[in-house]
Number of protein chains: 2
Amino acid sequence: MRYNQPLPIATNTPMLSFVEENYLKAIYHLSEAGKRPVNTNALAEEMKTAPASVSDMIKRLSEKRMVDYQKYRGVNISEKGKIKALHVIRQHRIWKVFLVEKLNFQWDQLDEVAEQLEHIKSPLLFQRLDEFLGFPKFDPHGDPIPDENGQLIEKRKDPIAQLPVGTAGIVVGVNGSSASFLKYLDKVGISIGTRLQIVDRMEFDGSVDITIDGKKTITISPTVAENILLSEA
Amino acid sequence: MRYNQPLPIATNTPMLSFVEENYLKAIYHLSEAGKRPVNTNALAEEMKTAPASVSDMIKRLSEKRMVDYQKYRGVNISEKGKIKALHVIRQHRIWKVFLVEKLNFQWDQLDEVAEQLEHIKSPLLFQRLDEFLGFPKFDPHGDPIPDENGQLIEKRKDPIAQLPVGTAGIVVGVNGSSASFLKYLDKVGISIGTRLQIVDRMEFDGSVDITIDGKKTITISPTVAENILLSEA
DNA sequence: TAAAATATTTAGATTAATCGAAATAATAAT
DNA sequence: ATTATTATTTCGATTAATCTAAATATTTTA
Ligand SMILES: [Mn+2]
Ligand SMILES: [Mn+2]
Ligand SMILES: [Mn+2]
Ligand SMILES: [Mn+2]
C-alpha cells in the first residue's frame with residue numbers, strides 16, 4: 001500500500017506538485033490562455049505569496065519546461081504547461097459539476113473544495129466521473145470544460161441584454177453570484193441548462209420578456225438581463 | 001481564492017499534513033486500534049520509509065499530542081490521534097463506497113485513489129457524500145465506516161467456512177482480492193450485499209452448498225468458503 | 001537623460017519530509 | 001555476564017516551498 005504523497009504517474013509530462021499545478025493554472029488564467037506574459041507581482045498577488053517566492057517557483061517551472069521565462073521579462077506559459085493547466089482546469093470544473101448536481105452544493109461553497117479535488121491523480125477517476133455526470137460541457141458557472149486533450153469548445157456566452165429579440169439559448173452561467181440573485185433565479189425556475197427564448201424587449205428601460213423552457217413567460221429587469229448568460233444553442 | 005496547500009480548518013484538533021494523517025492511520029492499524037505499541041521498524045515498513053524518518057515523524061506527532069512516545073519503547077496512539085485516524089478512515093471508506101457504487105470501480109483500483117481522496121478537508125463534502133450514498137455502514141471490503149464521532153459499529157464478520165449450516169447472512173467482504181477470485185465471484189453472482197444461506201456442508205472436504213439471494217444454489221470449495229465473509233444479518 | 005519610483009531577483013533563513021551512515025540502546029545468545 | 005545481534009535514534013544532508021531584507025534592474029517622471 002503506497003501511503004505517501006507524490007505518486008509517480010505518467011512521465012511524458014512530469015509529475016507536478018499541487019503547488020506547481022496551482023501556479024500553472026494561475027499563469028494560464030492571468031495570461032488569458034497564454035496570450036500575454038504574466039508579471040511576477042501579479043502572480044504573487046493571485047497566489048497570495050511573496051514576489052520572491054514567485055521568482056523561485058517560476059525558475060522551477062521553467063526548468064520543467066512548463067513556462068518560458070527570461071528574468072525581468074515576465075513569464076509565458078509553454079505548450080506543455082498549457083496542456084497541464086487545462087487538465088487541472090478540466091478536473092476543477094468536472095468536480096464542480098459533481099458538487100452542484102450530485103451533492104447540492106451552493107455556488108459559493110464550490111471553490112474551496114474543488115481547489116483540493118482538482119489535484120487528485122487518477123485518469124480513471126476522471127473518465128468515470130465524467131461519464132457519471134453525462135459528459136458535461138460546462139461547469140455550474142457556465143465555464144466550458146476542456147476535453148481530455150485540453151481542447152476548449154469556446155462557446156460564446158452573452159448576457160440576455162445583448163441578444164436580439166427572438167433569440168433562443170441555453171443558460172450557461174451568470175455574472176456574479178449574490179445569494180439573493182440565485183434565490184430569485186431559483187424562484188422563477190431558471191438554472192444552468194434551462195432553455196430561454198427572448199420574446200420582447202421594452203425599449204424604454206430594457207426589461208425583457210422571456211419564455212422559460214417553452215412554458216411560462218416572465219418579465220425580467222434590465223439588471224437580471226445583464227446577468228444571465230446564454231449560449232446560442 | 002486560496003490556492004495553496006495547507007488550509008487551516010478546525011483548530012481544536014490541529015491541522016495535520018497528508019503525510020501525518022497517513023502515519024496516524026498506519027499507527028492506528030498496526031496497533032490494532034490502539035491496543036498495543038507500534039515499533040519503529042514496523043511503521044517504517046508499512047510507510048515504506050527509512051526508520052530514521054519514522055523516528056523524526058513520531059517526534060513531530062508526539063509534540064502535537066497525537067501519539068504518546070518514549071524512545072525505544074514504541075509509539076502509542078493518543079485519544080486525539082485515534083479520533084483523527086478514525087476520521088481519515090471514515091473518509092477513506094466513504095470514498096470507496098462512492099467509487100464502487102457510483103463509478104463502478106473494481107476492488108483492486110480502489111486504494112490508490114481513496115488514499116488521495118481521504119485527505120480532502122471539507123466537513124460539508126463528507127456530510128453530503130455520506131447522504132448521497134445513503135449513509136453506508138460498510139465499505140466495499142466489508143469494513144465498517146466509523147461515524148462522525150469516530151464510533152465504530154463493529155459488526156462481526158465470519159468466513160462461510162466457520163458458520164454452521166442454516167446460517168443466513170450478507171456478504172460484507174472477502175479475504176484477499178486476487179483478480180481471478182473476484183472474477184469467480186462475479187461469475188456466480190456474489191458481491192457485497194448479496195444474501196447467502198448455508199444449506200449444506202460436505203464433511204469430507206468442507207465444501208459448502210449455498211443459496212444465493214434465495215434463487216439458485218451452488219457448491220463452493222472450502223477455499224472459497226474460507227474467503228467469503230458474512231455478517232449475521 | 002538623470003533621479004525617483006516601482007518591479008524583480010538574489011541572498012540567506014526556516015520548516016516539513018525525507019535519506020544514509022554512525023552512534024547508541026535493548027535484546028538475544030553464548 | 002559478556003558478547004553478538006538487532007532495533008532505534010542521532011547526525012548531517014537534501015529538496016520543496018516559503019519568507020524577509022537587501023541588491024539590482026526596469027520604468028516613469030521630471
Ligand atoms: Mn533562494
Ligand atoms: Mn488547487
Ligand atoms: Mn534530524
Ligand atoms: Mn492517504
Side-chain angles (χ1 to χ4, degrees), chain A residues 2-8 14-27 30-31 36-76 84 88 115-116 119 121, chain B residues 2-8 14-27 30-31 36-76 84 88 115-116 119 121:
Chain A
R2 191 120 202 41
Y3 272 129
N4 281 353
Q5 260 276 58
L7 331 170
M15 166 75 175
L16 300 183
S17 70
F18 289 16
V19 174
E20 288 171 321
E21 289 185 351
N22 286 334
Y23 267 91
L24 265 192
K25 216 175 46 151
I27 294 168
L30 291 174
S31 70
R36 54 189 79 263
V38 177
N39 292 335
T40 299
N41 276 359
L43 198 43
E45 182 174 357
E46 177 74 12
M47 303 297 299
K48 300 193 194 325
T49 57
S53 310
V54 171
S55 286
D56 279 350
M57 177 57 80
I58 287 174
K59 270 181 245 165
R60 195 124 19 88
L61 289 173
S62 180
E63 276 155 28
K64 296 189 180 181
R65 309 285 137 176
M66 291 293 155
V67 299
D68 297 320
Y69 170 59
Q70 297 162 256
K71 38 175 153 168
Y72 295 102
R73 291 279 102 110
V75 62
N76 288 283
K84 186 71 206 173
V88 180
E115 272 301 328
Q116 300 177 61
H119 304 290
K121 266 75 180 178
Chain B
R2 199 134 197 32
Y3 272 128
N4 281 353
Q5 260 276 59
L7 332 171
M15 166 77 175
L16 299 184
S17 71
F18 288 17
V19 174
E20 289 171 320
E21 289 186 350
N22 285 334
Y23 267 90
L24 263 193
K25 216 175 46 154
I27 293 168
L30 290 174
S31 70
R36 55 189 79 264
V38 177
N39 291 334
T40 299
N41 277 358
L43 197 43
E45 182 174 359
E46 178 73 11
M47 301 298 297
K48 300 194 196 322
T49 57
S53 311
V54 171
S55 284
D56 279 351
M57 178 57 80
I58 287 174
K59 268 182 246 165
R60 196 122 22 86
L61 289 173
S62 180
E63 276 155 27
K64 296 189 178 178
R65 309 287 136 170
M66 291 293 154
V67 299
D68 297 319
Y69 171 58
Q70 297 162 256
K71 39 174 150 170
Y72 296 102
R73 291 276 104 109
V75 62
N76 288 281
K84 187 71 206 173
V88 180
E115 272 302 327
Q116 299 177 64
H119 304 289
K121 266 76 178 177

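Just so you know, these numbers come straight off a predicted model, no measurement behind them. Chain naming here is simple, since letters A, B, ... match the order of the sequence lines and numbering starts at 1 in each.
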Rounded off to whole Å, could you give me the CE-to-P distance for the B:Met47 and C:dA17 pair? 11 Å

Interatomic distance, B:Met57 CE vs C:dC19 P [rounded to whole Å]: 11 Å

Expressed as a whole number of angstroms, how long is the span from A:Arg60:CZ to D:dT14:C1'? 14 Å

Going by salt bridge (charged side-chain N to carboxylate O under 4.0 Å, His left out), name the residues that satisfy it together with B:Glu20, two or more places apart in sequence or in a different chain. B:Lys64

All side-chain contact (heavy atoms from CB on, under 4.5 Å) counterparts of A:Pro51, not counting sequence neighbours: A:Thr40, A:Asn41, A:Ala44

Could you tell me how far apart A:Lys59 (NZ) and D:dA16 (P) are, to the nearest whole angstrom? 13 Å

Atom CG of A:Asn22 and atom P of D:dA17 are separated, to the nearest Å, by 11 Å

Round to a whole Å and report the spacing from CD1 of A:Ile58 to C1' of D:dT18. 15 Å

Approximate separation, where rounding is to 0.5 Å, of B:Asp68 CG and B:Arg73 CZ: 14.5 Å

Using a 4.0 Å heavy-atom cut-off across all strands, classify B:Ser55 as base, sugar-phosphate, or nothing. base

Length of the line joining B:Glu21:CD and C:dA17:P, which is rounded to integer Å: 11 Å

May I ask you to evaluate whether A:Asn39 reaches the phosphate of C:dT8, defined as a side-chain N or O under 4.0 Å from OP1 or OP2? yes

Who are the side-chain contact (heavy atoms from CB on, under 4.5 Å) partners of A:Lys71, not counting sequence neighbours? A:Tyr69

Going by the angle between their ring planes, with limits at 30° and 60°, are B:Phe18 and A:Phe18 parallel, tilted or perpendicular? perpendicular

Looking at C:dT8, D:dT10, D:dT18, which one has an atom nearest to any side-chain atom of A:Val19? D:dT18

Point-to-point distance, once rounded to the nearest 0.5 Å, from CE of A:Met57 to CG of A:Asn22: 9.0 Å

Summary of protein contacts for nucleotides 19-26 of chain D, nucleotide by nucleotide, where a base hit scores B, a sugar-phosphate-only hit scores S (4.0 Å, heavy atoms): BBB--BSS

Interatomic distance where CG belongs to A:Leu24 and P belongs to D:dA17 [whole Å]: 12 Å

I need the B:Leu16 CG to B:Met66 CE distance, nearest 0.5 Å. 4.5 Å

So does A:Glu46 get a backbone contact from the side chain of A:Lys48, meaning a donor-acceptor N/O pair under 3.5 Å? no

Those residues at least two apart in sequence (or on a different chain) that pass side-chain hydrogen bond (donor to acceptor under 3.5 Å, both in side chains) with B:Arg36 are B:Glu32

Going by heavy atoms closer than 4.0 Å, what residues in residues 61-68 of chain A are next to DNA chain D? none

